[in-house]
Every structure is written in C-alpha cells, then in structure tokens.
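Just below is one structure, and these are the notes that go with it.
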Number of protein chains: 2
Amino acid sequence: MSDLRLDDLDHDLLALLQRDASRTLRDLGDEVGLSPSAVLRRVQRYRCAGLLSHNVAVLDPRHVPEVILAVCLVTIEDDTPEEGRRYRERLLEVPEVQQAYEVSGDYDYVVVLACVGMRRENEVAKRLFQQDPNVKRYTTLFVLDPVRTGSALPTRGPDGVGGVTGATD
Amino acid sequence: MSDLRLDDLDHDLLALLQRDASRTLRDLGDEVGLSPSAVLRRVQRYRCAGLLSHNVAVLDPRHVPEVILAVCLVTIEDDTPEEGRRYRERLLEVPEVQQAYEVSGDYDYVVVLACVGMRRENEVAKRLFQQDPNVKRYTTLFVLDPVRTGSALPTRGPDGVGGVTGATD
DNA sequence: TCTGAAAGTTTTCATCC
DNA sequence: GGATGAAAACTTTCAGA
C-alpha cells in the first residue's frame, strides 16, 4: 500500500468516471485535454492501486414499480464484538439491504432497505429487526422522495487535504 | 410509459449488471445461457425503457484517505412546499451530499455526507444544517464501518409482485 | 427470438517524443 | 509523463433459420 499522488486531471477524471463510466477513452480525453492512451494509463493506475474497484449499472427506481426505500435506525443490545460481527453478517445475507452502516451517536446501525412491495419490506424488517435478539429497538423512515442517490466519493478536500493511497502492484 | 415484462433471465441479467457492469456480452451470455447478441437485445430493451439509466465507477473508500461518511438526520421547520423545494435544491448544490432522502417518521430528511477531512465535514454541516433557516435541528451519526454500500435495487418481489414499467421509444 | 458471421469501434500496447 | 499508430478485443448489426 503506497501513496498515489493525484493531480487535478486525476481528480477530474475520477469525478467524470463516477458520474458516467461508459464514456470512451477518447471522449474522456477530449474533455480533460489528454489523448486516449494517456487517459488509459491513468485509469489503469487507479485500478492497480485499488482506488477504482469496479463499475456498476444504475437502475432508475421510477421504472421499477412498487420499489420502496426505507431508512431504518437500529439500536442494539449491548453485545460482544463477536455478536456484532454476526449481526453484520446477517445483514449482508439479505439482498434487499442496499446499504448498512455501523455508526456512532444516537443509534448503532443505519440500514437502507430497497424492497419490491410493502409485503417484502415487512418480511425483511421482521427478520432483521423485530425477531433479531441483538436488536433492542428500531424505527423506520419511509422514503417519500429520493432527492439524490448514489455512492460517489469526493477525492479532494478543501485545500491540500486528500492524498490518495493505494496498493502498488 | 408501457409495461416491460421481465422474465427470470431479465431479473438475473439486471442483478449481474448491478454488481458489475464491465462484463462483456459474451461473458454475461455464458452465465445466463444466452448468445452475446441475445443479451445485447435485452440490455437495449432495458435502456430504451429507461430502466437502465447509466453506469458509474465505484471507488474503494479505503483507498481515499481521510474520507469521512456521516448520516445526518434532519428536522425542518414547518414550511411551505416552495420552501421545501428550495431546501432540496440547496442540498443538491453540495457535491459532498452523496445521498439525500425526504422521509416520513421521526425526521424529515436523511442526508449522507461523504467528505475529505473533518474540516470539510464541519463546513458542509454548518452550511446545510446549522445556518439554514429551514432546519429546526439535526443530529449527526458518524460512520464507523460501512458494512455495505451501493445503490442496487431488487427488481422482483417475493411472489409475482414486481412487473416493470418503462417508456417505449 | 436465437444463432453466427461481418463491420465498425474501442481498448490496449509498443514505440517514440 | 504524453502522443502516435498498429494489433487485439469487444460491441453492434444483419442475414438466415
């Protein structure tokens, strides 16, 4: 794992790829002022470093009928690290768990569920929260409007903050 | 906007594409038992219907140093629909707002922030929550462990629930 | 609607600047 | 580091079953 210095072009490319990964190397190069092969060399560096992990297709939720999004705020019983590990494994077993975060503060976990139909939503909530012995209490916030979705990460901070590390193979 | 009937192969393909959109048509076809051109025809149907919107690159947060994820739970002052619209616009102006949901229940908005450095995190929280006249109160849950991230949607429910609609162009 | 082959791009790599 | 040009691979189209 070594440092991977990123210049402005790198930050731009990473932002573009996080918005749309289907653009050609030529297209990307035209936008940032580089040849296709120069873009490729940089992209390969990101991949080798483990910074760029993979590409995913994004579905438009408006075209998946009956899809329900819900944010669940979970408080767990005081438990051992081992029990926590097992609870996270149980979360990962359910494909409708779109996101799950262990957090600090007023709750212990934030879980985003994406289900087809309210019936499935209830099944999942029952399994993961009501019937789970590790869960003390939980509350569900149903999503009325997904104002913004995605998993884009910024790569640079306000000033010089934000070098990037990656494995050098 | 018309119905787009999906069979089991379609559900499988959509799940595969949401996991990894870089696989070739041949590769996908081999996995589900279809020729590359048959896969292409189906994928084009999803795109024309608006179901498949675009592809994005996923960064590994472990290789973006100083990246901080936080889930903010926001309660707003009673406001008009117009004020709500303007608040959502202010959220969308900030690139560090990775996700934002208007929700029902104990809070009004759930906002996921992804920032490089705690300093930037504080700047953004100040701007969007502390200084905003529409916000009554908010609480921040810092992410200790991103157990699962992503934006994958299921396309089928427990039983026959979950036909898919899309625009036919 | 699928298969299989042909045409057109894109990605990739070696080479040079 | 970046540009150029050739080779390989993939996507896309189309005729035929």
Side-chain angles (χ1 to χ4, degrees), chain A residues 1-60 155-156 160 162-169, chain B residues 2-60 63 155-156 163-169:
Chain A
M1 201 109 108
S2 80
D3 271 17
L4 183 62
R5 285 215 70 75
L6 297 184
D7 60 19
D8 284 350
L9 255 45
D10 291 316
H11 290 296
D12 291 346
L13 282 173
L14 287 166
L16 290 173
L17 289 170
Q18 288 189 91
R19 249 200 310 273
D20 183 359
S22 299
R23 299 177 65 180
T24 65
L25 299 171
R26 173 204 305 247
D27 194 17
L28 292 167
D30 286 348
E31 181 140 348
V32 303
L34 244 49
S35 70
S37 53
V39 175
L40 176 64
R41 183 158 348 134
R42 284 170 184 257
V43 171
Q44 285 173 330
R45 262 179 59 225
Y46 313 147
R47 282 200 270 251
C48 287
L51 175 59
L52 215 56
S53 56
H54 61 300
N55 291 351
V56 297
V58 178
L59 300 193
D60 185 340
T155 55
R156 61 183 147 195
V164 167
T165 62
T168 20
D169 345 17
Chain B
S2 79
D3 270 17
L4 183 62
R5 285 216 69 75
L6 298 184
D7 60 21
D8 284 349
L9 254 46
D10 291 315
H11 290 296
D12 291 347
L13 282 173
L14 288 166
L16 290 173
L17 289 170
Q18 287 189 91
R19 245 199 314 271
D20 183 359
S22 299
R23 299 176 64 177
T24 65
L25 298 173
R26 173 203 304 248
D27 195 17
L28 292 167
D30 286 348
E31 181 140 349
V32 302
L34 243 49
S35 70
S37 51
V39 174
L40 175 65
R41 182 144 6 106
R42 284 171 186 255
V43 171
Q44 286 174 329
R45 263 178 58 224
Y46 313 148
R47 281 201 268 252
C48 286
L51 174 59
L52 216 55
S53 56
H54 62 299
N55 291 350
V56 297
V58 178
L59 300 192
D60 185 340
H63 287 146
T155 55
R156 60 183 150 195
V164 167
T165 62
T168 22
D169 347 19

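Letters A, B, ... mirror the listed sequences (proteins, then strands); counts begin at 1. Predicted model, so just to flag it, every value in this text is computed and none were measured. Just so you know, these numbers use all the heavy atoms, side chains as well, and skip hydrogens, waters and symmetry mates.
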Checklist entry - More than 12 foreign heavy atoms under 6.0 Å from CZ of A:Arg23: is that the case here? => result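 Counting neighbours around CZ of A:Arg23, more than 12 heavy atoms of other residues, nucleotides or ligands fall under 6.0 Å, so yes.
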When you measure from the side chain of [X], which nucleotide among [options] comes out closest?
X: A:Leu34; options: D:dA3, D:dT12, C:dT12; result: D:dA3
X: B:Ala38; options: D:dG2, C:dC2, C:dT12; result: C:dC2
X: A:Thr24; options: C:dT10, D:dG1, D:dT13; result: C:dT10
X: B:Ser37; options: C:dG4, D:dC10, C:dC13; result: C:dG4
X: A:Arg26; options: D:dT11, C:dT10, C:dT3; result: C:dT10
X: B:Arg47; options: D:dA3, C:dC13, D:dT12; result: D:dT12
X: B:Ser35; options: D:dG1, C:dC2, D:dT12; result: C:dC2

Please give, in whole Å, the distance from [N] [atom2] to [X] [atom1]?
X: A:Asp27; N: C:dT10; atom1: CG; atom2: C1'; answer: 12 Å
X: A:Leu25; N: D:dC10; atom1: CG; atom2: P; answer: 15 Å
X: B:Arg23; N: D:dT11; atom1: CZ; atom2: P; answer: 12 Å
X: A:Leu13; N: D:dG1; atom1: CG; atom2: C1'; answer: 14 Å
X: B:Arg5; N: C:dT1; atom1: CZ; atom2: P; answer: 13 Å
X: A:Gln44; N: C:dT10; atom1: CD; atom2: C1'; answer: 14 Å
X: B:Leu40; N: C:dG4; atom1: CG; atom2: C1'; answer: 14 Å

Next on the checklist: If you apply the rule side-chain contact (heavy atoms from CB on, under 4.5 Å), what do you find for B:Leu51 with B:Leu14, and how did you get there?
Outcome noted: CA-CA 10 Å; B:Leu51 174 59; B:Leu14 288 166; 3.8 Å; yes
Checklist entry - Just to confirm, is there a sub-4.0 Å distance from OP1 or OP2 of C:dT1 to any side-chain nitrogen or oxygen of B:Arg42? => result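 For C:dT1, OP1/OP2 do not have a side-chain N/O of B:Arg42 under 4.0 Å.
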Checklist entry - Checking salt bridge (Lys or Arg N to Asp or Glu O under 4.0 Å) for the pair A:Asp7/A:Arg42: CA distance, chi angles, key distance, verdict? => result CA-CA 11 Å; A:Asp7 60 19; A:Arg42 284 170 184 257; 3.0 Å; yes
Checklist entry - Going by distance alone, is a donor N or O of one side chain under 3.5 Å from an acceptor N or O of the other, for B:Asp60 and A:Ser53? => result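 Not at all, the side chains of B:Asp60 and A:Ser53 share no donor-acceptor pair under 3.5 Å.
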Item to check | Passing candidate, side-chain contact (heavy atoms from CB on, under 4.5 Å) with A:Arg26, options A:Ser37, A:Pro36, A:Ser35 | outcome: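 For A:Arg26, the side-chain contact (heavy atoms from CB on, under 4.5 Å) test succeeds with only one of A:Ser37, A:Pro36, A:Ser35, which is A:Pro36.
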Next on the checklist: When you measure only distances, ignoring hydrogens and angles, does the side chain of A:Arg41 come within 3.5 Å of the base of D:dG1 through a donor and an acceptor?
Outcome noted: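 In this structure, the two groups form no donor-acceptor pair.
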